[in-house]
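In what follows, a single structure is set out as structure tokens and then discussed.
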Amino acid sequence: MTILDGKKVSNDIKDEIAAEVSKMKQKGEKVPHLAAIIVGNDGASKTYVNSKVRACERVGFESTMVRMSSTTSEIELLEKIKELNEDEAIDGFIVQLPLPPQINTQQVLMAVDPDKDVDGFHPTNFGKMSLDMTSFIPATPFGILELLERYDIPTKGKHTVVIGRSHIVGRPMSILMGRMGFPGNSTVTLTHKYTKNITQITSQADIIIVAVGIPHFLKAEMIKDDAVVIDVGITRVPDETAKKGYVITGDADFDNVKKKTSYITPVPGGVGPMTIAMLLKNTLLARDRHRLRQNK
């Protein structure tokens, strides 16, 4: 059994990006600039955005944090997005989710310029991804692909079962694992909470990508020997014996599942760190596209 060390791989990627940025600086070129809009005071969102800012500092990117109050209207947010779309200094930006209830999330994501949509959530990017065209791949699926590639895990002809069909992870993963090339060329089954006899399906899988947000959903008896398990779940579970009063738990029953796997991602330290690393990679790609447009 091999642990897929997302922390190490994400640090390798950040080092590679930092080397690219260093070359840009030596040539006197503009470095990538990532902006983030955060609306309201959601604690997890604040923590996540702050970690993105620190990651930008580490690799030498410029970063801008746009904080807006929880009472911000949809019109005000759309005006801010328009401003960032038109700002030539900004290469890419994200709108941190979740948004307050008075704001239509779909309207907001649609308003982001697809060429600056480094989260890869705009329908234009999602559609291009579905057609194997060049696009921004959502950061978490992009990170999973990178882990599979860097650990050289065979995917061609394998049966991949995706558990969960969110637009952020499950649905894009089902498309990406079935695409031409590597990682890809899998036979993919997409499952969800209404899937009947799910154990019958998962027990046939060579690769399982679980993203349902239910702690310990994937049990050892649900997988076959030597399966590859990619655990995207991350939930705080109250635990009075833990120092912080909670433990971070994935969607797989890690201690028991790992005994049957050939590869498995830990939680934390697996897919999570990869998400921010690939957001940085998307920003680097956005900066290159931006420069190409300016040179036309």
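Start at 1 with the first residue, then count along the sequence.
No donor-acceptor distance shorter than 3.5 angstrom exists from the side chain of Lys7 to the backbone of Gly269, with no hydrogens or angles considered. Between the side chain of Tyr151 and the main chain of Asp5, a donor-acceptor pair closer than 3.5 Å is present. Although no hydrogens or angles enter the test, the distance criterion places a donor-acceptor pair under 3.5 Å between the side chain of Asn282 and the main chain of Ile137. When atom types are taken as modelled, the side chain of Asp251 and the backbone of Phe217 share no donor-acceptor pair closer than 3.5 angstrom. In this structure, the side chain of Thr195 does not engage the main chain of Ile198 through any donor-acceptor pair within 3.5 Å. Although no hydrogens or angles enter the test, the distance criterion places no donor-acceptor pair under 3.5 Å between the side chain of Asn125 and the main chain of Phe121. Although no hydrogens or angles enter the test, the distance criterion places a donor-acceptor pair under 3.5 Å between the side chain of Lys260 and the main chain of Ile223. A donor-acceptor contact shorter than 3.5 Å links the side chain of Gln204 to the backbone of Gln200. Of the possible polar contacts, one joining the Ser262 side chain to the Asp226 backbone as a donor-acceptor pair under 3.5 Å is found.
Counting heavy-atom neighbours within 6.0 Å of Arg236 CZ, excluding the residue itself, gives a total of 12 or less. Within 6.0 Å of CD1 in Ile75 there are 12 or fewer heavy atoms belonging to other residues, nucleotides or ligands. The number of heavy-atom neighbours closer than 6.0 Å to NZ of Lys14, taken from other residues, nucleotides and ligands shown, is above 12. Counted within 6.0 Å of NZ on Lys219, heavy atoms from surrounding residues, nucleotides or ligands total more than 12; the atom is thus considered enclosed.
Exactly one of Met180, Met177, Lys158 qualifies for a side chain to side chain contact (heavy atoms under 4.5 Å, CB included) with Asn185. That residue is Met180. Each of Thr261, Thr265, Val229 was compared with Leu4 under the side chain to side chain contact (heavy atoms under 4.5 Å, CB included) criterion, and only Thr265 meets it.
Using a cut-off of 4.0 Å between Lys/Arg side-chain N and Asp/Glu carboxylate O, Glu16 and Lys281 are scored as not salt-bridged. Here Lys80 pairs with Glu83 in a salt bridge; the nearest charged N to carboxylate O distance falls below 4.0 Å. By the 4.0 Å N-to-carboxylate-O rule, Arg289 lies close enough to Asp115 to be salt-bridged with it. In this structure, Lys224 pairs ionically with Asp206, as a charged nitrogen and a carboxylate oxygen lie closer than 4.0 Å. Remark: Lys82 engages Glu86 in a salt bridge, criterion side-chain N to carboxylate O under 4.0 Å.
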### Stepwise side chain to side chain contact (heavy atoms under 4.5 Å, CB included) check, Tyr263 with Ile207
CA-CA 9 Å; Tyr263 295 89; Ile207 301 167; over 6 Å; no
### Task
For the pair Glu62 and Lys30, evaluate salt bridge (Lys or Arg N to Asp or Glu O under 4.0 Å) and give the outcome as yes or no after the intermediate values.
CA-CA 10 Å; Glu62 289 182 32; Lys30 176 190 174 302; 6.0 Å; no
### Query
Going through the checks in order, is the salt bridge (Lys or Arg N to Asp or Glu O under 4.0 Å) test met by Arg150 and Glu146?
CA-CA 6 Å; Arg150 294 200 181 215; Glu146 197 76 12; 2.9 Å; yes
### Task
Apply side chain to side chain contact (heavy atoms under 4.5 Å, CB included) to Leu99 and Leu77, showing your working.
CA-CA 10 Å; Leu99 293 168; Leu77 179 54; 4.1 Å; yes
### Task
Apply the test side chain to side chain donor-acceptor pair (under 3.5 Å) to residues Asn11 and Arg58: give CA-CA distance (whole Å), side-chain angles for both, the deciding distance (0.1 Å), then the verdict.
CA-CA 10 Å; Asn11 282 329; Arg58 173 176 167 178; 2.7 Å; yes
### Query
Are Asp231 and Ile264 close enough, and set up right, to give a side chain to side chain contact (heavy atoms under 4.5 Å, CB included), and what steps lead you there?
CA-CA 8 Å; Asp231 188 350; Ile264 188 170; 5.7 Å; no
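With hydrogens and angles left out, the side-chain atoms of His33 and Asp91 include no donor and acceptor closer than 3.5 Å. For the 3.5 Å distance criterion, the side chains of Thr155 and Ser186 fail to qualify, holding no donor opposite an acceptor. At a cut-off of 3.5 Å, with distance as the only test, a side-chain donor of Thr189 or His159 sits close to an acceptor on the other residue. Side-chain polar atoms of Gln96 and Lys52 form a donor-acceptor pair below 3.5 angstrom.
Looking only at side-chain heavy atoms (C-beta outward), Val21 and Pro32 come within less than 4.5 Å of each other. Two residues are said to be in side-chain contact when any heavy atoms from C-beta on lie closer than 4.5 Å; Val267 and Thr249 fail this criterion. Put simply, the side chain of Ile208 reaches to within 4.5 Å of the side chain of Leu218, judged on heavy atoms. Using a 4.5 Å heavy-atom cutoff, the side chains of Leu145 and Arg179 are in contact. Looking at heavy atoms from C-beta onward, Asn197 lies out of side-chain contact with Thr199 at the 4.5 angstrom threshold. Side chains of Val162 and Thr191 form no contact here, defined as non-hydrogen atoms less than 4.5 Å apart. Contact annotation: the side chain of Phe182 approaches that of Glu149 to within less than 4.5 Å [non-hydrogen atoms, C-beta and beyond]. Counting heavy atoms from C-beta outward, Val161 and Ile209 have side chains that stay 4.5 Å or more apart.
Linking ILVMFWY residues whenever their side-chain heavy atoms come closer than 4.5 Å, directly or via other members, leaves Ile276 and Phe142 in distinct clusters. Neither Tyr48 nor Met65 shares a network with the other; the hydrophobic side chains, linked directly or stepwise wherever heavy atoms of I, L, V, M, F, W or Y lie under 4.5 Å apart, form separate groups for each. Hydrophobic cluster membership differs between Val210 and Ile144, with clusters built from Ile, Leu, Val, Met, Phe, Trp and Tyr side chains linked at under 4.5 angstrom. Placement of Val212 and Val228 in two distinct hydrophobic clusters is found when ILVMFWY residues are connected by side-chain heavy-atom separations under 4.5 Å, directly or transitively. The same ILVMFWY cluster, assembled from side-chain heavy atoms under 4.5 Å apart, contains both Met68 and Leu97.
Closest heavy-atom contact between Pro266 and Phe254: CA-CE1, 3.8 Å. Closest approach of Leu190 to Gly164, counting heavy atoms only: CD1-O, 3.3 Å. The two residues Leu78 and Gln107 have their closest heavy-atom pair at CD2-O, 4.0 Å. The nearest pair of heavy atoms linking Gln102 to Thr72 is NE2-O, 2.8 Å. Contact detail for Arg67 and Asn50: the closest heavy-atom pair is NH2-OD1, 3.7 Å. Taking both residues in full, the closest heavy atoms of Gly213 and Pro215 are given as O-CD, 3.7 Å, listed atom of the first, atom of the second, then distance.
To the nearest 0.5 Å, atom CZ of residue Arg171 and atom NE2 of residue His192 are 9.0 Å apart. To the nearest 0.5 angstrom, Glu20 atom CD is 12.5 Å from Asp15 atom CG. Between Phe136 atom CZ and Asp119 atom CG the span is 10.5 Å, to the nearest 0.5 Å. Summarising the geometry, atom CG belonging to Asp253 is positioned 8.0 Å from atom CD belonging to Glu221; distances are rounded to the nearest 0.5 Å. With rounding to the nearest 0.5 angstrom, the OG atom of Ser174 is 13.0 Å from the CD1 atom of Ile163. Within the model, atoms CZ of Phe93 and CG of Leu34 stand 10.5 Å from one another, a figure rounded to the nearest 0.5 Å.
Cation-pi geometry between Arg287 and Phe61 is not met at under 6.0 angstrom from the ring centre and within 45 degrees of the axis.
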